[in-house]
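Structure first, then comments.
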Amino acid sequence: MSPQQFRDIAWNGLWKQNTGLGQLLGLCPILAVSTSMVNAVSLGLATVLVMALANVAVSALRNFIPYEIRIPVFILIIAALTTVVDLSFNAFFHDLYLVLGIFIPLIVTNCIVLARVEAYAAKNDPLTSTVDGIMMGIGLVWVLAVLGAMRELLGAGTLFSGIEMVIPGASAWNVFGDDYPGFLLAILPPGAFFALGVLIAAYNAINVRLAARARRNPPPAPTQPPPQDEPPAEPAAAA
């Protein structure tokens, strides 16, 4: 993989084709789990792991999967990997597993994972497919982190609430103090839609400014090598 190819894949996953803000895929877990930053990032990291493993598995097996049954096979692969992640959360992060509940098994039906498997992994080599899955997943994680932080900060005045489920002995940051009354709408379902709408509006505004800057400052045209002198034409042969 060339450095330029890596940069293109990273830019697509983190920003240009961001699954949460650009493609608007997987909105159910994005809106439901983002009541706190810890819950949102935890589900995002579980999705990253499933996406990366599913991409590399499908890419490695793509030449052996018949085209007509590819979707059921893809779903079986994703389901097997999701089961491994689900059991791992239950074993190592049981309290967090109870909080996330059904949303870890629902990664099987998350259109983000299936879309990347079908659109990219089934057509590219394992290395680039793995990088694509990781970058697409990280793009989802940072959206979940920002959305969860916004809702938790406005709703409860804290950050990293529930971090003790992941790091024993750690505690949340009480940003606004104990007297903060909280903003209930922020942690209710309507607050998730409002917060996501603000993020999408900011994402679109930044893209408009980037496009305007690109039009004002176009990339320099590639330099052409100087033309070489043509050899003199040979005289025509006598008839």
Side-chain angles (χ1 to χ4, degrees), residues 1-34 40-91 97 100-144 147 196 199-200 203-204 207 211:
M1 180 190 300
S2 65
Q4 182 59 44
Q5 188 178 11
F6 176 82
R7 285 193 293 268
D8 292 340
I9 294 175
W11 175 248
N12 283 334
L14 297 177
W15 186 263
K16 185 177 180 181
Q17 296 181 9
N18 186 279
T19 53
L21 301 180
Q23 302 184 54
L24 301 181
L25 298 176
L27 294 185
C28 177
I30 289 176
L31 296 174
V33 185
S34 59
V41 172
S42 299
L43 183 65
L45 293 177
T47 307
V48 170
L49 186 58
V50 173
M51 287 183 68
L53 295 176
N55 272 21
V56 69
V58 169
S59 178
L61 300 173
R62 68 187 188 279
N63 295 326
F64 303 99
I65 301 176
Y67 181 81
E68 295 77 10
I69 61 170
R70 70 192 188 284
I71 299 299
V73 174
F74 294 165
I75 293 177
L76 285 175
I77 294 174
I78 296 170
L81 296 171
T82 303
T83 302
V84 173
V85 173
D86 182 63
L87 294 176
S88 300
F89 265 69
N90 193 8
Y97 172 81
L100 296 179
I102 192 61
F103 290 102
I104 296 180
L106 282 180
I107 294 176
V108 177
T109 60
N110 196 322
C111 50
I112 297 173
V113 183
L114 184 59
R116 294 317 298 173
V117 165
E118 166 69 11
Y120 198 91
K123 303 178 179 66
N124 294 276
D125 62 275
L127 178 59
T128 56
S129 298
T130 304
V131 174
D132 177 78
I134 293 174
M135 292 304 171
M136 283 289 174
I138 294 176
L140 175 65
V141 168
W142 78 256
V143 172
L144 283 168
L147 186 61
L196 183 62
L199 289 182
I200 293 174
Y203 172 81
N204 291 334
N207 281 336

Next on the checklist: Test: salt bridge (charged side-chain N to carboxylate O under 4.0 Å, His left out). Region: residues 100-123. Which pairs qualify, not counting sequence neighbours?
Outcome noted: Arg70-Glu118, Arg116-Asp132
Next on the checklist: I'd like to check the side chain to side chain contact (heavy atoms under 4.5 Å, CB included) partners of Thr130; sequence neighbours left out, ordered by chain and number.
Outcome noted: Val56, Ile134
Item to check | Residue pair Pro29 / Leu43: nearest heavy atoms and the distance that separates them | outcome: CB-CD2, 3.6 Å
Checklist outcome for this item: In this structure, CD of Gln17 is separated from CD1 of Ile9 (nearest 0.5 Å) by 11.0 Å
Checklist entry - Rounded to the nearest 0.5 Å, how far does CD1 of Ile71 lie from CD1 of Ile69? => result 11.0 Å
Item to check | Leu196 CG to Leu21 CG distance, which is reported to the nearest 0.5 Å | outcome: 6.5 Å
Checklist entry - At their closest point, which heavy atom of Pro126 faces which heavy atom of Ser59, and how far apart are they? => result N-OG, 2.9 Å
Checklist entry - Which pair of non-hydrogen atoms, one from Gly20 and one from Leu27, has the smallest distance, and what is that distance? => result O-CD2, 4.3 Å
Checklist entry - How would you list, by chain and number, every residue that makes a side chain to side chain contact (heavy atoms under 4.5 Å, CB included) with Asn90, sequence neighbours excluded? => result His94, Tyr97
Checklist entry - Quick one: ring pair (Phe, Tyr, Trp, His ring centres under 6.0 Å) partners of Tyr203, sequence neighbours excluded? => result Trp15
Checklist entry - Taking Asn18 for the side chain and Gly139 for the main chain, is one N or O donor matched with an acceptor at less than 3.5 Å? => result yes
Checklist entry - How close do Ser42 and Phe89 get, heavy atom to heavy atom, and via which atoms? => result O-CZ, 3.9 Å
Item to check | Closest heavy-atom pair and its distance - Ala115, Leu25 | outcome: CB-CD1, 4.3 Å
Item to check | Spacing of Phe64 atom CZ and Arg62 atom CZ [to the nearest 0.5 Å] | outcome: 10.0 Å
Checklist entry - Atom CG of Leu106 and atom CG of Leu100: how far apart are they, to the nearest 0.5 Å? => result 11.5 Å
Checklist outcome for this item: In terms of heavy-atom contacts, Ala54 and Val117 come closest through CB-CG2, 4.0 Å
Next on the checklist: With side chain to side chain contact (heavy atoms under 4.5 Å, CB included) as the criterion, how do Ile138 and Leu14 come out once you've worked through the C-alpha distance, each side chain's angles and the decisive distance to 0.1 Å?
Outcome noted: CA-CA 7 Å; Ile138 294 176; Leu14 297 177; 3.5 Å; yes
Checklist outcome for this item: Hits for side chain to side chain contact (heavy atoms under 4.5 Å, CB included) against Val50, two or more places apart or cross-chain, chain-then-number order -> Ile78, Thr82, Val85, Ile107, Val113
Checklist outcome for this item: So CD1 of Ile112 and OG1 of Thr19: to nearest 0.5 Å the spacing works out to 4.0 Å
Item to check | For Val84, side chain to side chain contact (heavy atoms under 4.5 Å, CB included) partners two or more places apart | outcome: Ser88
